[in-house]
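We count residues from 1, following the sequence as given.
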Amino acid sequence: MTTDTTGTAARDGESRRSGPAHSPFVRACRRESVPHTPVWFMRQAGRSLPEYREIRANVGMLDSCRRPDLVAEITLQPVRRHGVDAAILFSDIVVPVAAAGIDLDIVAGTGPVVAEPVRTVADVERVRRIDRTDVSYVDEAVRLLVAELGDTPLIGFAGAPFTLASYLVEGGPSRTHARTKAMMYGQPELWHALCARLAEVTLAFLRVQVDAGVSAVQLFDSWAGALSEADYRRFVLPHSTAVLSGLADAGVPRIHFGVGTAELLGAMGEAGADVVGVDWRTPLDVATRRIGPDRAVQGNLDPTVLFAPWPVIEAEVRRVVEQGRAAPGHVFNLGHGVLPETDPEVLTRVVALVHEVSARRDEQG
């Protein structure tokens with residue numbers, strides 16, 4: 001806290017500026033002063049909202065992602081209900097891969113299932129490059145949302161090359177990633193060719209969203225935690241870097257998140273992230289030491305805590321907010337996605353609590 005009244009006035013003036021670029025969320029991502037810790041939830045519309053389940057009834061996941069009106073409505077639902085500080089574009093990590101010509105479907109209860117898994121160079125060549133016309137429905141949805149959201153920032157969404165490659169090589173979700181690792185170790189040239197192509201697709205997909213007006217992007221590497229740091233640096237980091245560094249001139253914060261990535265946090269930050277997402281396994285103050293002082297952090301309440309009695313939830317929220325103070329910037333989130341059985345009212349109370357306990361005295365006075 002400073003006694004320089006000129007500086008205080010400048011900060012107060014900045015906090016009164018309007019528009020997503022001056023929102024608490026974007027400012028926290030940029031490690032700037034904020035009136036309170038911003039909060040949003042991964043998979044925040046997800047399956048926990050009854051209005052989401054109603055609107056998705058009898059509509060497949062991929063079809064939902066390809067209808068701009070539906071994407072806009074689903075994206076807006078948690079903003080209306082919870083009062084979160086940012087919206088996350090409703091989509092799925094395989095949307096750009098499907099647009100790139102891969103025959104796949106999202107099977108309820110299973111996840112993405114690929115008709116012909118990647119095994120050869122010819123299979124890699126089947127993953128074609130994409131441009132805006134291939135995902136025009138995403139461009140339209142983002143533009144609709146930006147107009148509707150006003151000062152609330154919209155976060156763009158994409159899966160990272162490693163996680164996309166794992167789905168393509170395995171043919172679907174995997175607990176062991178055995179085929180993925182077999183290709184990494186046994187056919188490294190083929191592996192890097194596949195990831196390089198997926199990095200191109202992912203970058204193009206995010207560029208469409210940035211050009212349409214998103215205020216930040218998040219790159220999800222859901223399965224990166226299956227790797228050692230050495231393997232991550234050799235087989236994954238160059239391709240995640242290609243995506244994130246490819247957005248260095250985009251003028252929006254870049255968030256990088258994975259699950260089970262405690263040992264990878266520093267390397268994930270090196271990929272070009274402005275913000276590193278942390279799952280619930282690593283305290284934010286510990287994560288900050290691993291990531292370094294040049295990046296903000298995001299997270300990291302265990303999603304299952306939301307099923308506990310309110311006094312337990314409150315204590316855990318306060319703990320996360322307090323540990324987040326060790327970082328140069330903190331965006332409150334869960335350590336992974338909202339679980340389907342979560343009570344939406346609890347999420348609303350968590351947002352209000354985060355805002356209350358993190359309110360900055362120097363910005364109130």
TODO: Indicate the atoms forming the closest heavy-atom contact of Val243 with Pro161, along with that distance.
DONE: CG2-CG, 4.0 Å
TODO: For Asp231 and Ser228, indicate whether the former's side chain and the latter's backbone hold a donor-acceptor pair under 3.5 Å.
DONE: no
Task: Under 3.5 Å side-chain donor-acceptor pair for Gln77 and Arg81 - done: no
Open item on the list: Within this structure, what is the CG-CZ distance for the pair Asn333 and Phe257, rounded to the nearest 0.5 Å?
Closed with: 8.0 Å
TODO: State, with a plain yes or no, whether a side-chain heavy atom of Pro344 is found less than 4.5 Å away from one of His82.
DONE: yes
Task: For the student: nearest non-hydrogen atoms of Thr110 and Pro173, plus distance - done: O-CG, 3.2 Å
Task: Polar contact flag, side-chain donor to acceptor under 3.5 angstrom, His336-Asn300 - done: no
- [ ] For Arg56 and Ser64, test the side chains for any donor-to-acceptor distance below 3.5 angstrom and give the result as yes or no.
- [x] yes
- [ ] Grab the two heavy atoms, one from Arg128 and one from Arg197, that are nearest each other, plus how far apart they are.
- [x] CA-NH1, 4.1 Å
Task: Check against side chain to side chain contact (heavy atoms under 4.5 Å, CB included), Thr261 and Met268 - done: CA-CA 9 Å; Thr261 54; Met268 290 180 72; 3.7 Å; yes
- [ ] Evaluate the side-chain proximity of His192 to Phe235: yes if any heavy-atom separation is below 4.5 Å, no if none is.
- [x] yes
TODO: Can you see which heavy atom on Ile255 is nearest to which on Cys29, and at what distance?
DONE: CD1-SG, 4.5 Å
Task: Cluster check Val118, Tyr185: I/L/V/M/F/W/Y, side chain < 4.5 angstrom - done: yes
TODO: Rounded to the nearest 0.5 Å, what's the gap from OG on Ser23 to CG on Leu154? Could you check?
DONE: 11.0 Å
- [ ] Taking the side chain as every heavy atom from C-beta outward, state whether Ile313 and Phe307 have any pair of such atoms under 4.5 Å apart.
- [x] no
Task: Leu334 and Trp280, any side-chain heavy atoms less than 4.5 Å apart - done: no
Task: Main-chain N/O of Ser222 paired with Thr163 side-chain donor or acceptor, under 3.5 Å - done: yes
Task: side chain to side chain contact (heavy atoms under 4.5 Å, CB included) assessment of His256 paired with Leu244 - done: CA-CA 9 Å; His256 199 14; Leu244 293 168; 3.9 Å; yes
Open item on the list: Under a 3.5 Å distance rule, please check whether Asp85 uses its side chain to pair with a backbone N or O of Val39 as donor and acceptor.
Closed with: yes
TODO: Could you check Val286, Asp285, Val297 and say which one makes a side-chain contact (heavy atoms from CB on, under 4.5 Å) with Gln323?
DONE: Asp285
Open item on the list: The test is salt bridge (Lys or Arg N to Asp or Glu O under 4.0 Å); show your working for Glu229 and Arg233 and say whether it passes.
Closed with: CA-CA 6 Å; Glu229 182 182 0; Arg233 289 185 177 278; 3.0 Å; yes
- [ ] Identify the heavy atoms of Cys195 and Ala165 that sit nearest to each other, and give their distance.
- [x] SG-CB, 4.0 Å
Open item on the list: I'd like to check Pro117 versus Leu168 (side-chain heavy atoms, cut-off strictly below 4.5 Å). Are they in contact?
Closed with: no
TODO: Working to the nearest 0.5 Å, report the span between OG1 of Thr342 and CZ of Arg43.
DONE: 10.0 Å
TODO: Look up atom CG in Leu49 and atom CD1 in Ile55, then write down how far apart they are to the nearest 0.5 Å.
DONE: 11.0 Å
Task: salt bridge (charged side-chain N to carboxylate O under 4.0 Å, His left out) involving Glu314 - partner list, sequence neighbours excluded - done: Arg318
- [ ] Measure the shortest side-chain to side-chain distance between Val84 and Leu347 over non-hydrogen atoms and say whether it is less than 4.5 angstrom.
- [x] no
Task: Student check: side-chain heavy atoms of Asp221 and Val236 closer than 4.5 Å - done: yes
- [ ] Determine whether Val71 and Leu89 make a side-chain contact, defined as any pair of heavy atoms from C-beta on separated by less than 4.5 Å.
- [x] yes
TODO: Using atom types as modelled and distance alone, determine if a side-chain donor or acceptor of Arg27 lies under 3.5 Å from a backbone N or O of Ser33.
DONE: yes
Open item on the list: Tell me if a side-chain donor or acceptor on Arg295 pairs with a main-chain N or O of Val276 at a distance below 3.5 Å.
Closed with: no
Task: Pair Arg143 + Asp139: basic N to acidic O under 4.0 Å - done: yes
Open item on the list: Would the distance check show the side chain of Thr202 and the main-chain N or O of Ala199 forming a donor-acceptor pair, the cut-off being under 3.5 Å?
Closed with: no
Open item on the list: Can you see whether His36 engages Ser358 through a side-chain donor-acceptor pair at a distance of less than 3.5 angstrom?
Closed with: no
Task: Arg31 side-chain N/O to Asp294 backbone N/O, donor-acceptor pair under 3.5 Å - done: yes
Open item on the list: Test of understanding: clusters of I, L, V, M, F, W, Y form through side-chain heavy atoms closer than 4.5 Å, transitively. Do Val210 and Val135 belong to the same one?
Closed with: yes
- [ ] Check Val26 against Pro153 and note the closest heavy-atom contact, atom names and distance.
- [x] CG2-CB, 4.1 Å
- [ ] Indicate yes or no for a side-chain donor-acceptor contact from Arg207 to the backbone of Gly246 under 3.5 Å, with no hydrogens or angles considered.
- [x] yes
Task: Note: Glu140-Arg66 ion pair, threshold 4.0 Å (strictly below) - done: no
Open item on the list: Any donor-acceptor pair under 3.5 Å linking the side-chain atoms of Asp151 with those of Ser18?
Closed with: no
Open item on the list: For Thr120 and Asp123, which I'm curious about, is there any donor-acceptor pair between the side chains at under 3.5 Å?
Closed with: yes
TODO: Apply side chain to side chain contact (heavy atoms under 4.5 Å, CB included) to Val138 and Gln209, showing your working.
DONE: CA-CA 7 Å; Val138 174; Gln209 297 172 54; 3.8 Å; yes
Open item on the list: We want to know whether Gln298 and Trp40 form a side-chain donor-acceptor pair, criterion being a heavy-atom distance below 3.5 angstrom.
Closed with: yes
Task: Pair Thr180, Glu170: side-chain N/O donor-acceptor within cut-off below 3.5 Å - done: yes
Open item on the list: For the backbone of Ala262 and the side chain of Arg281, can you confirm whether one donor and one acceptor N or O come within less than 3.5 Å of each other?
Closed with: no
- [ ] Identify whether Leu144 and Leu76 are in the same connected component of the hydrophobic contact network (ILVMFWY, side-chain heavy atoms under 4.5 Å).
- [x] no
Task: In one Ile/Leu/Val/Met/Phe/Trp/Tyr side-chain cluster, 4.5 Å: Tyr137, Ile130 - done: yes
TODO: Show your working on side chain to side chain contact (heavy atoms under 4.5 Å, CB included) between Asp274 and Arg30 and close with a plain yes or no.
DONE: CA-CA 7 Å; Asp274 301 292; Arg30 298 194 184 284; 5.9 Å; no
Task: Heavy-atom donor-acceptor pair, Lys181 side chain to Leu227 backbone, under 3.5 Å - done: no
Open item on the list: Grouping I, L, V, M, F, W and Y whenever their side-chain heavy atoms are under 4.5 Å apart, do Leu339 and Phe332 come out in a common cluster?
Closed with: no
Open item on the list: In this structure, is the centre-to-centre distance between the rings of Phe157 and Phe220 below 6.0 Å?
Closed with: yes
